[in-house]
Amino acid sequence: MLKGEQLYEGKAKKVFKTDDPELLIVSYKDDATAFNGLKKGTIAGKGVINNRMSNLLMQMLEKKGVPTHFVQELDDRDTVVKRVTIVPLEVIVRNIAAGSFSKRYGVEEGVVFDTPTIEFSYKNDALGDPLLNTYHALALKLATPAEIDTIKALSFKINEALKAFWAECGVTLVDFKLEFGRLFDGTVVLADEISPDTCRLWDSATGEKLDKDRFRRDLGGVEDAYEQVMSRLLSHI
Ligand code: UDP
């Protein structure tokens with residue numbers, strides 16, 4: 001697979017064209033940002049872990065009937081994915097109160113919900129990714145009603161699969177962010193990544209944070225946490 005012209009450089013990944021118009025190569029970087037790009041840093045080895053972890057989890061989800069953009073891992077940092085147009089919605093699924101939910105609603109972090117929640121943000125850096133409801137998403141023509149139904153159903157299905165998988169690894173899936181894309185034929189598939197950058201993962205026994213919150217909140221041991229969740233995943237996949 002030929003790595004062609006760079007199409008785009010995001011906060012954590014670069015995207016390249018290939019010789020096939022329906023395929024792209026994503027290349028995972030060690031760069032880390034938080035608070036809408038205000039905090040910047042590097043997490044050594046993060047790109048390698050996120051590439052491998054996201055690919056393994058997406059392959060696990062495919063086996064359970066969730067369509068994803070994953071095609072083939074090329075090397076440590078590079079993966080071939082199906083070309084999609086990203087639906088400009090950040091989909092957040094939560095099992096336990098944390099982060100912006102705790103802050104917004106005044107709920108202590110760690111409160112377990114009876115049923116998972118879902119929320120959407122408008123994926124728009126200039127506006128700071130504002131929270132929106134599905135009526136707003138329709139008014140803004142970000143997605144069709146059918147696409148929103150598909151995205152909700154897939155997101156809850158993904159939550160059940162990931163929650164069960166991480167539980168086997170002794171890790172509690174607190175919340176996570178998903179992005180979806182449309183293939184050339186309009187099919188909605190899971191895109192972007194699933195990694196400690198995009199999930200809150202707590203050690204089930206100790207409650208220790210094993211994700212990007214260590215970077216966001218200057219807790220130290222960031223690299224160790226990423227390596228820890230990766231090795232737990234590898235021993236259960
Ligand atoms: N998240 C993400 N990208 C974002 C915002 C959130 O990957 O731009 C993830 C985050 O890692 C967490 C979940 O989505 O697992 C919920 O994040 P929250 O809304 O609590 O926001 P935060 O506290 O991270 O600002």
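Note that this is a predicted model, so its numbers are computed, not measured. Counting starts at 1 for both ligands and their atoms, following the listed order.
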**OP:** Could you note down all residue pairs passing ring-ring contact (aromatic ring centres under 6.0 Å, His included) where residues 1-39 supplies at least one of them, sequence neighbours left out?
**Re:** none
Subject >> V71, T18, D78 screened by side chain to side chain contact (heavy atoms under 4.5 Å, CB included) with M1, the one that passes >> reply: T18
Original post:
Around ligand 1, what residues show up once you keep those with a heavy atom under 4.0 Å from it?
Top reply: E90, I92, R94, A98, G99, S100, D175, F176, K177, D197, T198, C199, R200, R216
**OP:** Write out all pairs satisfying side-chain hydrogen bond (donor to acceptor under 3.5 Å, both in side chains) with one or both partners inside residues 138-149, taking only residues at least two apart or from two chains.
**Re:** E147-R182
Original post:
Are D192 and K13 ion-paired here, with the side-chain N under 4.0 Å from a carboxylate O?
Top reply: yes
Subject >> Within-4.5 Å side-chain heavy-atom neighbours: L178 and I151 >> reply: no
Original post:
Of all residues at least two apart in sequence or in a different chain, which pass the ring-ring contact (aromatic ring centres under 6.0 Å, His included) check with F113?
Top reply: F101
